[in-house]
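This report concerns only the one structure given below.
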Amino acid sequence: MVSGSLDDKLAIWIATHRWASLNELFVWLGKIEKLGAVWILLALVVGLLTKRGAVATIGLTLLTAATTLAADLVSLGLKDLVHRPRPFLSHPQIHPLYVVHSSSFPAGHAATAFAGATILGHIAPRAQPLFVLLAVAIGFSRVYVGDHYPLDVLGGALLGAVVGAAAIALLKFIRRRPQRFDSLHRAGELRSIWKGLPWLCR
């Protein structure tokens, strides 16, 4: 396939034309993205900067954690179905900056990154370009370190954006029909967090 051949060539070219001074940066981007950790931290920052209070900040943090986790779980399920070998396994000229043993498609880091960028970009639209830029940098880092093909990253990014959009749609649905979720309020603190969520959809 032409696309597959181009995918191979891009992965090889990027991973064999590294700048040594940038290696640690791109490895670091992968580390902070594990399970969407950076987006959970950013959710706390957004909650504090928007001065919505503790309840809304907790709600946003939990929502972001759930969204990135969902994206990661879906990506893992797809990996088990696709079973695409990592580029450093198929192309000996690629020396990974660190080794990952799962299959390659889709890129889980890209999925969680774009899920986080989508949900936080909705909450803080002025910062959306920065969130997207961070997600793109994380996605590119996966090819740079030799762990993914470009199509893996594109697939993960699309998956993450879809999961993030689904989370936003669910919040809007809850805001329109809050009475249907009263049965979920099992404690006063949970009820407070739940009622603090509708501002996320404004």
Side-chain angles (χ1 to χ4, degrees), residues 1-18 25-43 63-122 128-170:
M1 292 177 62
V2 175
S3 61
S5 177
L6 178 60
D7 205 26
D8 288 340
K9 290 178 180 178
L10 284 172
I12 293 169
W13 191 91
I14 293 171
T16 56
H17 288 78
R18 298 172 179 144
L25 170 62
F26 285 115
V27 170
W28 177 76
L29 284 172
K31 290 180 178 179
I32 65 172
E33 182 54 34
K34 286 185 178 180
L35 297 178
V38 65
W39 303 101
I40 297 171
L41 177 60
L42 286 173
L63 171 67
T64 303
T67 302
T68 56
L69 177 60
D72 189 57
L73 291 175
V74 174
S75 72
L76 286 174
L78 289 175
K79 285 176 185 290
D80 289 339
L81 291 175
V82 177
H83 292 295
R84 187 183 195 186
R86 296 277 179 172
F88 62 81
L89 294 175
S90 301
H91 305 285
Q93 62 269 53
I94 295 178
H95 301 286
L97 295 182
Y98 62 91
V99 176
V100 184
H101 298 288
S102 61
S103 58
S104 193
F105 183 92
H109 282 66
T112 56
F114 278 85
T118 299
I119 193 72
L120 292 184
H122 172 75
Q128 186 177 51
L130 296 177
F131 295 141
V132 172
L133 181 62
L134 176 59
V136 169
I138 290 170
F140 177 77
S141 76
R142 311 311 297 150
V143 182
Y144 183 92
V145 300
D147 283 339
H148 283 288
Y149 295 93
L151 283 182
D152 297 340
V153 173
L154 290 176
L158 178 60
L159 169 62
V162 169
V163 172
I168 294 170
L170 177 61

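Numbers for residues simply follow the sequence, beginning at 1.
- Of all the heavy atoms in L159 and P106, the pair that sits closest is CD2-CG, 4.2 Å.
- Counting heavy atoms from C-beta outward, V38 and L41 have side chains that stay 4.5 Å or more apart.
- Atoms OH and CZ, from Y98 and F26 in turn, are 12.0 Å apart once rounded to the nearest 0.5 Å.
- In this structure, CD1 in I12 is found 4.5 Å from NE2 in H91, a value given to the nearest 0.5 Å.
- From I94, atom CD1 reaches atom OH of Y149 across 6.5 Å, with rounding to the nearest 0.5 Å.
- Looking at heavy atoms from C-beta onward, W13 lies out of side-chain contact with L10 at the 4.5 angstrom threshold.
- At least one donor-acceptor pair closer than 3.5 Å links the side chain of H83 to the backbone N or O of D80.
- Salt-bridge annotation for D152 and R84: present, with a side-chain N of the basic residue lying under 4.0 Å from a carboxylate O of the acidic one.
- The minimum heavy-atom distance linking A71 with A115 is given by the pair CB-CB, 3.8 Å.
- Between V143 and A15 the shortest heavy-atom distance is O-CB, 4.1 Å.
- Residues A11 and H148 come closest through the heavy atom pair CB-O, 4.3 Å.
- The closest side-chain heavy-atom distance from L29 to L134 is below 4.5 Å.
- Looking at S103 and R86, their side chains never come closer than 4.5 Å, going by heavy atoms from C-beta outward.
- Taken to the nearest 0.5 Å, the CG atom of L89 stands 9.0 Å off from the OG atom of S104.
- Considering every non-hydrogen atom in both G108 and S75, the closest pair reads CA-OG, 3.6 Å.
- Here CD1 of I119 is found 13.5 Å from CG of L42. Values are rounded to the nearest 0.5 Å.
- Ring orientation note: the planes of W39 and F131 are nearly perpendicular, at an angle over 60° on the 30°/60° scale.
- For the residue pair T64 and A43, the shortest heavy atom distance occurs at OG1-CB, 3.4 Å.
- The side-chain heavy atoms of I138 and F114, taken from C-beta on, include no pair separated by under 4.5 Å.
- Looking at heavy atoms from C-beta onward, D147 lies out of side-chain contact with H109 at the 4.5 angstrom threshold.
- Here L130 contributes atom CG and L120 contributes atom CG; the two are 11.5 Å apart, rounded to the nearest 0.5 Å.
- With a 4.5 Å cut-off on side-chain heavy atoms, V145 and R142 count as touching.
- Listed for the E33 side chain is a donor-acceptor partner under 3.5 Å among the backbone atoms of A113.
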